[in-house]
Each structure stands twice: as structure tokens, then as C-alpha cells.
Number of protein chains: 2
Amino acid sequence: MARILVVEDEADIQEILAYNLKRDGHDVVVASTSKDGLRLARERRPDLVLLDLMLPDGSGTDLCKSLRRDSVTRGVRVIMLTAKGEEIDRVLGFELGADDYIVKPFSVRELLLRVQAVLRRAATEDAAETTQFGLLRVDRGAHRVWVEGQEVELTALEFKLLITLHDRRNRVQSRDSLLSDVWKIDADVTTRTVDTHVKRLREKLGAAGAYIETVRGVGYRFAEGPGGLI
Amino acid sequence: MARILVVEDEADIQEILAYNLKRDGHDVVVASTSKDGLRLARERRPDLVLLDLMLPDGSGTDLCKSLRRDSVTRGVRVIMLTAKGEEIDRVLGFELGADDYIVKPFSVRELLLRVQAVLRRAATEDAAETTQFGLLRVDRGAHRVWVEGQEVELTALEFKLLITLHDRRNRVQSRDSLLSDVWKIDADVTTRTVDTHVKRLREKLGAAGAYIETVRGVGYRFAEGPGGLI
DNA sequence: TCTGCTCGTCACAGAATCGTCACGTTCGCT
DNA sequence: AGCGAACGTGACGATTCTGTGACGAGCAGA
């Protein structure tokens, strides 16, 4: 099924996780340290990393950041294993980009189900390809964007915002929804962050910026089709 | 924000859940028994049910089944509160249709995050529909409306009013009711706001404005069917 | 350490939306 | 038919929302 990297220092938890994931049909790789985890992630290209927050040679959050920074492992799915407490916010934060979290203590059953859910979601989203939409061309895998044949430099966030809006074209996305899905911020805060980034993205996209429509009082919507922009 | 029904027999857990959900802005209804839970789900139409698996008068799974069977409550989102063990399979099983689960013991933070995630998912899926009603076509997810094939620009409030009336077609909606459901104003005030906005909406809808009928002394009603408008 | 880039936040301006008011019209009751 | 209540209507001003430019914090890399 999938290749899963387990980064966990406690031997008995390692064993239980590895055993059960293998029984579920997955290919399991195990690391005890953050350093080994990073190396194995590069070498073995797992589909999913189960990552303990507390590791002997550095925190799981640092490892998660490293994974996201490295172009080889940027796209891997991450489930954080976390003890109870407020670190859940940071775990889900944009800077970490975790896909889900499981709070210790947990049952193996729960973990298997959440692994499945994340893998299923990953399979749906990994339609990595080049998309043409009117004046706009997007290569997801390469993280590159062209408008009217000219390449446009987008930051990571801008790229993600564009992809999210485009994937959900013709559906209004509330600011809260974008904040959650692009920024991974779930708090109920009043912020103009989304607006500002939409502005920036529109600016960079130039003529294609008009594909991003404002629905006043609701949110933003990517045009249904590229018609009428010529 | 959302109306949440908490079905939980332990008084201290009830209290904690109700308090925190209210602080998050939700409207909270509490039941201690499966029977009360079902009754309140029918009467209060919650957006989400937090459902303990172990209830004094029957299991939460039975209540979940009842909710799914009843046409009034079929669509409600359900998060199961479950102790560790193998019952998770059944909880998530097709027959029960729970939307998520939270394993006891859990942190309030985790629960609030998962509540938000499920509500957001619910909002997204509920919007995925285009409706045709005579001269009128409405795409909820896109927040777009057409009359006789011509797109009509509605403000956020006008759109919401239209959706509310249309959802409840052939049912008179009192002004107080509309004020509460569309405007989120519960005060007993005398205002012409509803009238004014109905007027505006009718104006924008043009020919389709006639679907909105005045019931003098009672309120407004959306036509039962689009017949007789050609 | 320094520099440059990215990001979030703030303040302001302008446009759109909204609520309210006053007056006219319609409806239902006596 | 007359009257009063309810509703439709047009207009005004207050409020809200969004775009914009700019600043500063934080981070990564040299």
C-alpha cells in the first residue's frame, strides 16, 4: 500500500506501530532519531511520516520543518504524535505543515484509521500535473507558474493560495476557510492576512489576477472558466 | 456560529463541553440521555451532535442510527466521544456514519479543533449544489444566481435571504424568524428591515421576484413550485 | 553579523451595503 | 364606505468591507 516512516525513540512503541502498519499492508521504515529520520526520508521517499514530537536529538517540529524545506521530502504527509497540551496549535501551524495529529495516549486502531484518512486525502490531491487555465499555466510538481507565457515568481504561500483557489474554482472560499486550509490556522481571529495575500497574488498574476474574484461579505472565488479575459 | 447538541451523561464533562463550546461562540444544547438527545435533535435541529458512546439508557451508536434514519436529523454531523477500544470501527462504519471521533481522555483544544474542522467540511459540502426553480437558478457554492439565464448580482445578505426563503419554500417565514435566521438578531424589535430587503431582493430578481409572496400579517413565503410564472 | 526576502499587521480611503425613516398604497375589518 | 394596520417604496446617512501602501519582525543564507 504505502511506505510509512516511523520516527519514534521508544522501542516498544516503534515495535507496535511497525507491526500493526505492516499488518495493514504498509511498507514500514523505522528511525529512532531526528537525524536518522531525515536521512531515511530522503533515501526511502515515504508517503507518510509518523513523527513523535519529542525526540532524543531534537524536536519533531524541527524535523518537520526540515522535511518541508527539502525539495525531496517537501510533499510527504506528516502525522504528528503529540502529548496533550497546547503544542497542538503549533503542530498544525503553517510553518510545520502537519497533515494530522494523534494525541497520546492513543489506540492503534485510531492511528491506523487516521493514517488511512491522510493517505486517502493525499491520493486525491496528488494529481500533480501541469494545468492550463486561460492565461495561466501551473506546474504543481515544479512549483512554477506562467502568465501569458511569462514565468511569474510566487512565494510558497502565494503558490499554495493560488492552487487552493484554483482547485476549488467556482466555489467561494471564506477567509476562515482559506486561513485554515492555506495557513493552517484554526483560531477565530480577525485578520486581514488573507486579503493582503490575495492582493499580492493578484498583483503578481497581472492580467490573470482577475480570475480571483471578490465576493463581498463572503470571501474569494476563482473564476469558473477562463472565458472573457482576452 | 453553529448549534451543537451535546449528548453526555457525566455532568462535569457536560459542563466543560458546554462552557468551552459557548465560549467559542456556539449555541449549545445539552442532553443526558439518548432519548432526550433524539428529541432535542429533532426539535432544535443542531448542526453538530457530540455524542458519547456510553449512555445510561442505551448506546450512542443506537442514537446515531436513529439520527441517520430520521429524515429531520439525517444530515446532522456527528462526532462520537469514545473510550479506547475496538468500537471505533463501528463508529466510523458505514452504518453509523459518524463524521469524526474523539478518544477519551481528550483535551478541550483537540475537541474544539475537530468540531471546527467537521463544521467547515459540512459547510463546504452543503454548498455543492446548483438548484433550478423555474426562472431561477442558484449555485450556492459559487454564490451566484441567474434569472432567465442572466446572472444577477446579489449582496451577501440578499443571497442568504433568498436561500433561506427558497429552502423553506411553501412555508411562511415570520419577520422575527427571518430576522433571527438571516440577520442573527433575536431581540424583539419592531423593524422594517426585513421588508426593505425583501423589496430589494424582489427588485433584483425581476420576474422571479414574484416567487416571494407576502402573507399579510404573518410574513413571507417562497412559492411552492415555479408553476404559473410564464 | 548583515542582508534580503517573506509575511503579518496597521491605518487610511473609497465604495458598497445596510438599516432606518417618512410617505404612499393596499388590504382587511367593521 | 371608512379607517387603521400592514406593507411597498425611495432616499439618506451610518456602517462595514475591501484594496492599498507601508512598516517592522523574523527567518534563512551568505
Side-chain angles (χ1 to χ4, degrees), chain A residues 61-62 64-71 74 89-90 93-97 143 145 152-162 164-165 172-176 178-180 182-206 209-221, chain B residues 143 145 152-162 164-165 172-176 178-180 182-206 209-221:
Chain A
T61 55
D62 289 336
C64 195
K65 285 184 198 171
S66 299
L67 291 174
R68 292 287 175 243
R69 260 193 315 246
D70 191 323
S71 62
R74 174 182 297 142
D89 256 347
R90 276 181 287 116
F94 172 70
E95 62 192 307
L96 292 180
H143 258 77
V145 176
V152 167
E153 299 289 330
L154 297 187
T155 66
L157 191 54
E158 286 159 0
F159 185 81
K160 193 169 180 187
L161 180 57
L162 175 62
T164 301
L165 285 169
V172 179
Q173 305 301 311
S174 70
R175 285 173 180 79
D176 278 353
L178 289 170
L179 213 45
S180 173
V182 178
W183 276 265
K184 306 291 192 221
I185 294 174
D186 277 321
D188 249 344
V189 293
T190 300
T191 178
R192 303 296 314 287
T193 295
V194 175
D195 303 84
T196 303
H197 281 90
V198 166
K199 183 246 185 201
R200 285 185 181 135
L201 179 57
R202 277 170 167 156
E203 221 163 43
K204 289 194 175 180
L205 294 182
Y211 292 138
I212 305 177
E213 302 162 346
T214 304
V215 180
R216 188 183 164 93
V218 188
Y220 296 100
R221 175 183 63 208
Chain B
H143 247 78
V145 176
V152 168
E153 300 287 333
L154 298 187
T155 67
L157 190 55
E158 286 160 2
F159 187 83
K160 195 170 177 188
L161 179 57
L162 175 61
T164 302
L165 286 170
V172 182
Q173 305 301 310
S174 70
R175 284 172 182 79
D176 278 353
L178 289 170
L179 213 46
S180 173
V182 178
W183 276 266
K184 308 294 186 209
I185 295 173
D186 277 322
D188 252 341
V189 294
T190 303
T191 179
R192 304 297 312 287
T193 295
V194 175
D195 304 81
T196 303
H197 282 91
V198 166
K199 180 250 186 197
R200 285 186 181 138
L201 180 56
R202 278 170 167 157
E203 214 162 48
K204 287 194 175 179
L205 294 182
Y211 292 140
I212 304 177
E213 304 161 345
T214 304
V215 181
R216 191 177 166 93
V218 186
Y220 296 100
R221 175 183 63 209

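Numbered from 1 within each chain, the chains take letters A, B, ... in sequence-line order. This is a predicted model, so every value here is computed, not measured.
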Under 4.0 Å between any heavy atoms, over every strand shown, what does [X] touch: base, sugar-phosphate, or nothing? Just pick one.
{"X": "B:V194", "value": "nothing"}
{"X": "B:E203", "value": "sugar-phosphate"}
{"X": "B:R202", "value": "sugar-phosphate"}

Spatial distance of atom [atom1] ([X]) from atom [atom2] ([Y]) [nearest 0.5 Å]:
{"X": "B:K184", "Y": "B:L179", "atom1": "NZ", "atom2": "CG", "answer": "11.5 Å"}
{"X": "A:H197", "Y": "A:K204", "atom1": "NE2", "atom2": "NZ", "answer": "9.5 Å"}
{"X": "B:R200", "Y": "B:L157", "atom1": "CZ", "atom2": "CG", "answer": "9.0 Å"}

How close or far is atom [atom2] of [N] from atom [atom1] of [X], stated in whole angstroms?
{"X": "A:H197", "N": "D:dT20", "atom1": "NE2", "atom2": "C1'", "result": "14 Å"}
{"X": "B:L154", "N": "C:dC18", "atom1": "CG", "atom2": "P", "result": "10 Å"}
{"X": "B:R175", "N": "D:dA5", "atom1": "CZ", "atom2": "P", "result": "16 Å"}
{"X": "B:L201", "N": "C:dT17", "atom1": "CG", "atom2": "C1'", "result": "14 Å"}
{"X": "B:E213", "N": "D:dG8", "atom1": "CD", "atom2": "P", "result": "12 Å"}
{"X": "B:K160", "N": "C:dC18", "atom1": "NZ", "atom2": "C1'", "result": "14 Å"}

Can you see if the side chain of [X] gets near the phosphate of [N] - specifically, an N or O under 4.0 Å from OP1 or OP2?
{"X": "B:W183", "N": "C:dC18", "value": "no"}
{"X": "A:R216", "N": "D:dG19", "value": "no"}
{"X": "A:Y220", "N": "D:dG19", "value": "yes"}
{"X": "A:T155", "N": "C:dC5", "value": "no"}
{"X": "B:R192", "N": "C:dA22", "value": "no"}
{"X": "A:T196", "N": "C:dT9", "value": "no"}

**side chain to side chain donor-acceptor pair (under 3.5 Å) between B:Y220 and B:R175, intermediate numbers included** = CA-CA 8 Å; B:Y220 296 100; B:R175 284 172 182 79; 3.2 Å; yes

**Asked** Does any donor-acceptor pair link the side chain of B:R200 with the base of D:dG10 at a separation under 3.5 Å?
**Response**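 Not at all, since no donor on one side and acceptor on the other fall under 3.5 Å apart.
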
**Message:** Closest-nucleotide mapping onto DNA chain D: is A:T214 or B:D195 further toward the 5' terminus? I mean the 5' end.
**Reply:**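 Nearer the 5' end of the strand: B:D195.
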
**Prompt:** Between C:dT20, D:dC7, C:dC7, which nucleotide has the shortest distance from any of its atoms to the side chain of A:L157?
**Reply:**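 The nucleotide sitting nearest to the side chain is C:dC7.
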
**Message:** I'd like to know if the side chain of B:S180 and the backbone of B:D176 have a donor-acceptor N/O pair within less than 3.5 Å.
**Reply:**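 No, B:S180 side chain to B:D176 backbone: no donor-acceptor pair under 3.5 Å.
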
